Amino acid sequence: MYNSGKIIAGLAVFFILATLPFLLNLGKANAKIEPSIDTPEINAMPKKHCVESKEFMRAEHMQLLNDWRDEVVRNGNRIYTSNSNGNQFAISLQNTCMKCHSNKKDFCDKCHNYMAVKPYCWGCHIAPKEDKS
Amino acid sequence: MSMNRRQFLKLATVSTILGAGSATAINSLSRGNLEASQVSPDPKALKAKRWGFVVDVSKLTTDEDYQKCIDACHNIHNVPSHKEPRHEVKWIWKDTYEHTFPNVAEDKIMNRELQEKNFLLFCNHCANPACVRVCPTQATFKRKSDGLVMQDMHRCIGCRFCMAACPFGARSFNYVDPRKDNAIKVENKEFPTRMIGVVEKCTACYERLAIGEQPKCAEESNGAIVFGDLEDPNSEVRKLIAEKYTIRRKPELGTQPGIYYVIGGGEHA
């Protein structure tokens, strides 16, 4: 092979440059996304619970909100009975979800920004007032 | 590989059946739909076969009486008031006799008082609504349970066909962002606003009916607006319609509007 020294050196340099971002972050923990549930309303609850289990909400809240929307707007059903704890909730993003999760910036936005998703809930629904930070 | 016509048709048939079958199977397995047992209406909700209104403007004497109804509605529904008249958004408003009933022929010797009166106008919640027929996304739809003409803001694409179709001008388009320039004077935190590019209108306070309250305008009107079930012969609206002479706006168009305007008192009618 002609110029093998140069080619191999070049390949090595290319390989190091291309994998540099991965090599630099090797072994470092990724910034963990922890949506905060530290609000006065949630802290005041004797037993902390959401409408469904934490795992369900984490995975399915978008589907649940879609179904809630259709039930209220199109079918006029406004009471939701929880599968996991049997409690009844008024179906409302503004008046149920955000009454407890009054920290939109540290709860909703945290994951949504990380995942670069922009749900357009807040174009119409009024988010709770928070300190600008 | 060569194939005769018979083999080709066999293969095509089998693969079509398999394809359609597996699509159905996948759809039925997909999760996400709420079980019907999990959702229910509020037991306090007001129920009717078909909601309707009787409006008696003789009970509204001053401009403030009209404005009280209009402001009460617009405040609880976060309806913006824009400075630019072209951008106006209205759910309930007042207009003159001849604008309200343009189809009634002009008559010089008719009751002058009536002719000079303003009328309160809002969505008629027609039995046969033109807006619903033209909506391409079913964003506006007629609620089967009580006949209200509803507007699903999540689905509205802002095509404005419904505005062209509505013979009563009951619909407004958000040409500008309603949250800009402090257009929403009093913000009701319990109710959403709208966004730029959707059509909005009176929803007969469906959010209040759902928790057992009357529409806001009826509550604020000192009895000028009466709300009730048009299909129930014993309801207050039906009694008023039976007792007094009432007319509806543009009935000849066949949309069957649900607002009855009282013309003249009971004794003379």
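Sequence lines set the chain letters: A, B, ... in the order given, protein chains first and strands last, and positions in each chain run from 1. The model shown is predicted, which means the values in this text are computed figures rather than measured ones.
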Answer key: most heavy-atom pairs under 4.5 Å with chain A among B:His154, B:Gln138, B:Arg143, B:Met153 is B:His154

ask   = Does a sphere of radius 6.0 Å around NZ in B:Lys49 hold more than 12 heavy atoms from other residues, nucleotides or ligands, not counting ones at 6.0 Å or beyond?
value = no

Closest heavy-atom pair, A:Trp122 versus B:Arg179, reported as atoms and distance to 0.1 Å, is O-NH1, 3.0 Å

Scanning both residues in full, the closest heavy-atom pair of B:Asn188 with A:Ile126 reads O-CD1, 3.6 Å

Most contact-rich option vs chain A, by heavy-atom pairs under 4.5 angstrom, among B:Glu187, B:Gln151, B:Lys144, is B:Glu187

Turns out that what part of A:Ala90 lies under 4.5 Å from chain B's heavy atoms comes down to neither

One should read off an interatomic distance between A:Gln88 CD and B:Ser40 OG, to the nearest 0.5 angstrom, of 5.5 Å

Side-chain donor/acceptor of B:Gln38 to backbone N/O of A:Thr81, under 3.5 Å: yes

Counting only heavy atoms from other residues, nucleotides and ligands, does the tally under 6.0 Å from NZ of B:Lys180 exceed 12? no

- Query: Should the heavy atoms of other residues, nucleotides or ligands under 6.0 Å from CD of B:Glu236 be counted, would the total exceed 12?
  - Reply: no

When the 4.5 angstrom heavy-atom criterion is applied to A:Asn83 and chain B, the contacting part is both

Correct closest heavy-atom pair for A:Gly123 and B:Met195 would be O-CB, 3.9 Å

(request) Please lay out, stage by stage, how B:Met150 and A:Arg74 fare under the test side-chain contact (heavy atoms from CB on, under 4.5 Å). (result) CA-CA 8 Å; B:Met150 298 284 297; A:Arg74 304 197 78 89; over 6 Å; no

Test your reading of the model: is there a side-chain donor-acceptor pair from A:Asn95 to the backbone of B:Glu190, 3.5 Å cut-off? yes

Which of A:Asn77, A:Ile79, A:Asp67 passes side-chain contact (heavy atoms from CB on, under 4.5 Å) with B:Val39? It is A:Asn77

